[in-house]
Amino acid sequence: MMNPTTGRGPTGRRRRARAAAGALCLLAGALTATASGTSPVSALTPPVALTADDLTTWQTNGIVWSMAASDAGVVYAGGTFSSVRPPGAAAGTSEQQALNFAAFDAATGEPTGCALSFTLSSGTATVRALALSPDQKTLYVGGQFGAVNGVGVSNIAAIDTATCTPRQDFKVSVTATVRALAVTSDTVYLGGDFNKVAGQTRNKFAAVTTGAALKPWKADADDVGRAVELTPDGRRVLLGGNFFKVNGTTSHALAVVDATTGAVVKGYPAGFIPDTSTVQDITTDATGFYTANEGTGGGVFDGRIALNLGDFAQRWRDTCLGATQAVLVHEGVLYSGSHAHDCASMGGFPDQPRRHLLAQSVNDPKLLPWFPDTNDGIGEPVGPRVMAQTDKGGHHYLWVGGEFTTVNGVRQQGLTRFADGPDTGAPWVPNISLSTVAPGKIEVNWQTSFDADDGELTYRIYKDGAATPVHTTTGYSLFWDRPQLRWTDTDVAPGETHSYRISASDGTNTSAKSPALSATVTATAQKYPARVLSDGASLYWRYDEGTSTFAADTGSGRNNGFLRNSPAYRQTPAAVAGPSTAIGFNGTNQYAYSNKRHAHPARFSVETWIRTTTAKGGRIIGFGNVTMQNSTQFDKHVYMRDDGRLVFGVYNGGARTITTPAAYNNGAWHHVVATQGTGGMALYVDGKLRASNTSYTVNQKYSGYWRVGGDNLNNWPGRPTSNFFAGQVDETAVYPTALSASTVGAHYALRTG
């Protein structure tokens, strides 16, 4: 059988940034909120100086491939477009002609008076590379074009920035597209598709003087050159592209060559960057250089690599998928444009929808809390293609160009920009849950919020409608990692009812308060949940929340869950006695998954209550490697067949399953417990052992998430019609051990107590 686990104000912003610098130094992948709401910090990680709030910016009607920003605050943009239009204007309205080139004021986002037309007698002209000379007097332009403002050129041109006119003294023939440029006071380095420059052989890379004379410098490559960057000392040139050899030396996609001769100084052997991947962009700072990588097919590498300038060796790399097109360093932060997804292998989000703009420390690949976003847009599509940074009027500006047509969910094509203020976006409203399992207190649990440009948020709890918070704390969260926090109110008495609301603040903006939620203090412990906790549940979801995305963990580990696609909340009657409710899943797309990614559970128990009349079966609870899609690795699960019988399965070279002889889709509540340990597999229903196999002691080894209500069941024995369970679920618990038969029986017996 097939493997069933694969299934084939600006100043206000700066004050806030300084105040929050310690919080923003957190390493995202290792961050978990503690009982007091604090998180570990790293002195190596800088604060992110920019907000995620995009500023109003003029648009293009096509793709922006290249940008350069001057010290005077002018941003030049080149690409494949024919017009620009004001922010907010729909495509085809209020357009001004701009043939593949435009210039903008960095601070206002509006066009300057510099207008140039790059054209081609036949075919589509495009501007693929822009680079300013060190003295800012000349803008060098590369691409595929035959004229600038009607003046004949051959895929490369020089523009006098003072007059915005082509320099007549810079003419050199390049036989094909120029994709990359780097400039010194006397040399222009270029990379692209060409094989001849000035009539002489230069394969993919070349150098000419600023007077357009071909230099003897040679770095011949066997495939397209896409990136050229000088080291800060000017002694080396960093090359990126599709190539496998440079000057006959094996070096795939990346090479370091001498700036005078072109001789290879450092080559990168096969496998350093997979054969299926290329380098699209390179940027530098004082100590390192950083690559943007794109791959196709299997085994690709799409992330970023940081390398040291001293020895050209790797400092770090991330392993996100989603082709990276652009990288830029600003104040110790590496910004990148891509369509990133599947970042779990490097501590990021597992499989969320694509994210197109990311930030990382130059010292560490963990993602920092900066998450503006675009869409993929037109063209290939990818989204962002290029970045440029400059300062003006005392403020920092980051410009982004590409093929996107929306920014932060609002229509905006081709161009956008971000700055160090103002910060206008408030955090999400927190999700709240109350627990009264223990007598004489109310536990207030909440799912940490999300803010697009702040990881550390301040939470204020308000009791019984008071205007002054009864408790204030902080917690760190990212959009895919929103740990549960808890505060216990002991200033209560049995029989009293109290209500609570929570707000979240980034220091500048504060969310609305959460809807009021009430609970009544008990005089005695609730027997069933107290026993689940005492028997060591590492995850315990009771589903007592209101409308939210939050499944609170009642246990000490605060291993909360996300609820997907709005399941039916507060279903009654619940499975066990006491002030509790159940949750209902529709059998189509609703489910819950754990916030935490868990290491392989070699020994475990899963426990839950179900009630259903479905004839389509479905996965009730199990382990999977992703969260927002059907898993590609999936086992350690209990599912119902179409006939109502329950199957417990693990994978170990093949599906290992045990099945109940009876059906349990009769509309009554049933208690289901599945265990695996040294004694094999056991499946209990309503306190009794219904199926077992002592030989099945091993399951598939991978990290993943606990999921309830649905996931992949491809190729599993007795696969039901639906991957998703239609019915009610309650009191879900996971244990790091195999529960004994007597413990399972004791849990079932407490259902009415």
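Computed from a prediction, not measured in an experiment: that's the story for all the values here.
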Would you say the side chains of [X] and [Y] form a donor-acceptor pair under 3.5 Å?
X    : Y    : answer
T324 : R304 : yes
N195 : T175 : no
H356 : D376 : yes

Evaluate the ring planes of [X] and [Y], with Trp represented by its six-membered ring, and classify them as parallel (under 30°), tilted (30 to 60°) or perpendicular (over 60°).
X    : Y    : answer
Y335 : W370 : perpendicular
Y290 : W316 : tilted
F371 : F479 : perpendicular
F243 : F205 : perpendicular
F145 : F118 : perpendicular

Below 4.5 Å, heavy atoms only, C-beta onward: do [X] and [Y] meet side chain to side chain?
X    : Y    : result
D711 : N630 : yes
F349 : R355 : yes
K366 : S361 : no
H600 : Y702 : no
M628 : W480 : no

### Task
Name all residues meeting the side chain to side chain donor-acceptor pair (under 3.5 Å) criterion together with Q412; count only those two or more places apart in sequence or in a different chain, and write none if there are none.
none
Check for a donor-acceptor pair, side chain of [X] on one end and backbone N or O of [Y] on the other, with a separation under 3.5 Å.
X    : Y    : value
N652 : N699 : no
D258 : A263 : no
T231 : R236 : yes
N247 : D220 : yes
D351 : Q629 : yes
S631 : N625 : yes
D222 : F244 : yes
T126 : R128 : no
T291 : N293 : no
N375 : T406 : yes

### Query
In a check of side chain to side chain contact (heavy atoms under 4.5 Å, CB included) between L358 and each of V327, L334, L367, D318, which one passes?
L367
#### Entry: From V127, L116, L139, residue fulfilling side chain to side chain contact (heavy atoms under 4.5 Å, CB included) relative to Y76
L139
### Query
Between D223 and T278, does a side-chain contact (heavy atoms from CB on, under 4.5 Å) hold up when you go through it step by step?
CA-CA 10 Å; D223 209 335; T278 61; over 6 Å; no
### Query
Any chance the rings of Y140 and F170 have centres within less than 6.0 Å?
yes
### Query
Counting only heavy atoms not in K171, do more than 12 sit closer than 6.0 Å to its NZ atom?
yes
### Axial cation check for Y268 ring with K266, 6.0 Å and 45° limits
yes
